[in-house]
Amino acid sequence: MKIGYYPGCSLTGTAKEYDKSVRKTAEVLGIELIEIDDWNCCGATSAHITSHRLALSLSARNLLLASKQGLKEILAPCAACYSRLSLSAEELIKKPDAKKEIEELLGEEILEIPKIINLVQLYQRVGAEKMIEKKGTGNAKLKTACYYGCLLVRPSGLNSFDDSEEPQSMEKIVTICGAEPIDWNYKTECCGAAHSIARKDIVVDLSHKILTDAKTRKADIVITACPMCHTNLDMRQKDIKKKFDKHEKIPVLYLSEFVGLSMGLTKEELGIDLHFVPFESKTV
Amino acid sequence: MITEEIIRNTSQNPNICYQCGKCSAGCPIRNYMDDSPNKIIRYIQLGLYEKALNSDTIWLCAGCLTCSTRCPKEFDLAKFMDALREIALKEGIKVKEKNLLKFHKAFLNQIKKHGRAYELGLVREYKLATGDMMSDVDVAPAMFMKGKIGILPHNIKDRKGMKDIFEKTEVKIK
């Protein structure tokens with residue numbers, strides 16, 4: 001199986017272990033990832049909150065490049081990129097005038113707008129079930145808090161692959177991997193996202209609430225499919241500890257790292273050694 | 001006039017809101033805001049544009065889309081906030097949350113120059129703009145050691161095309 005690949009900026013830097021583990025698990029699952037040639041940043045939060053046309057054009061350029069490469073479907077593992085690219089694709093499809101205007105700006109027509117999928121959808125699609133069974137499990141019985149954050153399941157109309165208030169798709173994958181998903185209240189609560197640098201205080205408070213709920217319900221780990229969430233929940237635990245003395249550290253893994261462990265891949269192969277809060281597998 | 005601009009830019013009418021307050025009840029950032037999110041819609045309904053545009057609420061909104069997902073009238077409040085921020089910038093309104101704006105400006109400047117995010121350039125520009133030299137100095141060395149912040153930018157090939165897009169669509173942040 002071949003699929004287009006949009007890593008996005010985080011996966012080339014702050015979330016390089018996400019890129020590493022996505023590529024590694026895809027390889028094991030027999031999926032060939034074809035990177036969009038010369039892709040650009042989707043504009044993230046900063047573009048859409050300052051100029052709608054800028055945000056739409058930045059995403060549209062990526063859709064144009066993918067279309068020229070003949071890619072009908074694109075995997076965007078970053079939840080924010082997935083959201084920006086999907087919303088832009090939807091707008092270009094629904095508003096022919098907007099599409100025409102953006103095409104004039106880019107100097108080319110987008111012949112076929114590709115479909116954007118996230119990592120959960122990819123694992124569902126390829127029947128990760130069979131592949132994981134074959135390889136055995138590396139993280140059996142871990143109590144796991146599946147954290148969706150905001151942009152994987154919202155808005156509800158767009159991301160119809162799962163429920164926006166009580167999603168269950170990651171829990172299903174976790175169960176297949178032999179671990180035990182916990183029932184908790186903060187799976188779709190915001191971590192503070194792009195406020196991480198300019199309003200760190202907000203991110204520290206919100207991330208603390210999320211991790212505390214996971215801890216209270218006896219989770220061993222939290223898993224996520226968003227680089228922004230990962231940075232806030234993993235790297236910011238030092239700041240959380242400074243403000244909230246009682247905070248107990250909890251490892252945060254990317255979904256791909258978690259799935260990779262179940263396939264028998266090592267922590268180093270998946271980049272788990274790059275996290276701030278160390279993870280010790282129970283079953284090694 | 002502003003209401004018309006919002007309707008045009010977001011394809012939705014703020015007057016459909018009946019002020020149930022569900023958006024504010026679920027907003028994760030509400031405690032940090034001057035005005036609750038539903039109050040911002042109310043200001044616009046009443047034509048109190050300056051109040052809405054001067055509120056720090058529109059800048060503190062993190063775009064998490066909880067409000068947009070839960071609204072019983074299916075009013076996309078997150079999109080409405082985007083439109084208000086864009087108008088506030090065009091009107092040259094003084095933003096209370098200065099550092100947030102400086103962050104977004106520094107972030108977009110990297111994209112304009114390189115086509116992709118460049119963490120070191122972003123941090124440098126943000127710190128120079130805010131004078132906030134000390135925050136996160138404790139995590140920076142670890143980020144370098146782990147290879148999570150590169151020394152050099154990731155330049156795309158078509159940087160001229162990128163500059164073109166910005167010149168035609170960017171809303172200048174003062």
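Chain letters run A, B, ... following the sequence lines, proteins first and then strands; every chain starts at 1.
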Under the side-chain hydrogen bond (donor to acceptor under 3.5 Å, both in side chains) rule, what do B:D132 and B:S135 come out as? Steps first, then yes or no, please. CA-CA 6 Å; B:D132 173 17; B:S135 67; 2.9 Å; yes

Please determine, among [options], the option with the most heavy-atom pairs under 4.5 Å with chain B.
| options | value |
| --- | --- |
| A:K209, A:M235, A:H52, A:R61 | A:R61 |
| A:E165, A:E189, A:K238 | A:E165 |
| A:S46, A:A198, A:A15 | A:S46 |
| A:D205, A:L106, A:T45, A:T188 | A:D205 |
| A:H195, A:K16, A:K200 | A:H195 |
| A:S51, A:C191, A:A47, A:C9 | A:S51 |

So, do B:F75 and B:F80 have ring centers that fall under 6.0 Å from each other?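 Yes, close enough.
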
How about A:Y254 and A:H230: are their ring centres within less than 6.0 Å of each other?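 Yes: the rings meet the under 6.0 Å criterion.
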
Salt-bridge contact [X]-[Y] (side-chain N to carboxylate O under 4.0 Å):
| X | Y | answer |
| --- | --- | --- |
| B:D82 | B:R85 | yes |
| B:R8 | B:E4 | no |
| A:D201 | A:R199 | yes |
| B:D136 | A:R236 | yes |
| A:K242 | B:D138 | yes |

Heavy-atom distances under 4.5 Å only: say whether [X] touches chain A with side chain, backbone, both or neither.
| X | value |
| --- | --- |
| B:L89 | side chain |
| B:I111 | side chain |
| B:T10 | neither |
| B:T66 | both |
| B:Y126 | side chain |
| B:L100 | both |

Pairs of heavy atoms under 4.5 Å with chain A: top-ranked of [options]:
| options | value |
| --- | --- |
| B:G147, B:G161, B:C61 | B:G147 |
| B:V123, B:L60, B:T130 | B:L60 |
| B:K102, B:K79, B:E119, B:K157 | B:K157 |
| B:N99, B:I87, B:T69, B:N31 | B:T69 |
| B:E97, B:Q110, B:K172 | B:E97 |
| B:K98, B:R70, B:K105, B:M81 | B:R70 |

Passing option when A:Y148 is tested against A:D163, A:T224, A:D162 for side-chain contact (heavy atoms from CB on, under 4.5 Å):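 For A:Y148, the side-chain contact (heavy atoms from CB on, under 4.5 Å) check succeeds only for A:D162.
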
Before giving the answer on side-chain hydrogen bond (donor to acceptor under 3.5 Å, both in side chains), spell out for A:N232 and A:S207 the whole-Å C-alpha distance, their side-chain angles and the decisive distance to 0.1 Å. CA-CA 7 Å; A:N232 287 341; A:S207 298; 5.1 Å; no

Check step by step if side-chain hydrogen bond (donor to acceptor under 3.5 Å, both in side chains) holds for B:S55 and B:D35. CA-CA 7 Å; B:S55 173; B:D35 299 301; 3.0 Å; yes

Just checking, B:K146 and A:F276: is the charged tip under 6.0 Å from the six-membered ring centre and within 45° of the axis?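 Judged by the rule, B:K146 and A:F276 form a cation-pi pair.
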
Side chain / backbone / both / neither for A:D37 at chain B, heavy atoms under 4.5 Å: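 For A:D37, the contact with chain B is made by the side chain alone.
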
Less than 4.5 Å to any heavy atom of chain B: does that hold for the side chain of A:T14, its backbone, both, or neither?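 Both parts, backbone and side chain.
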
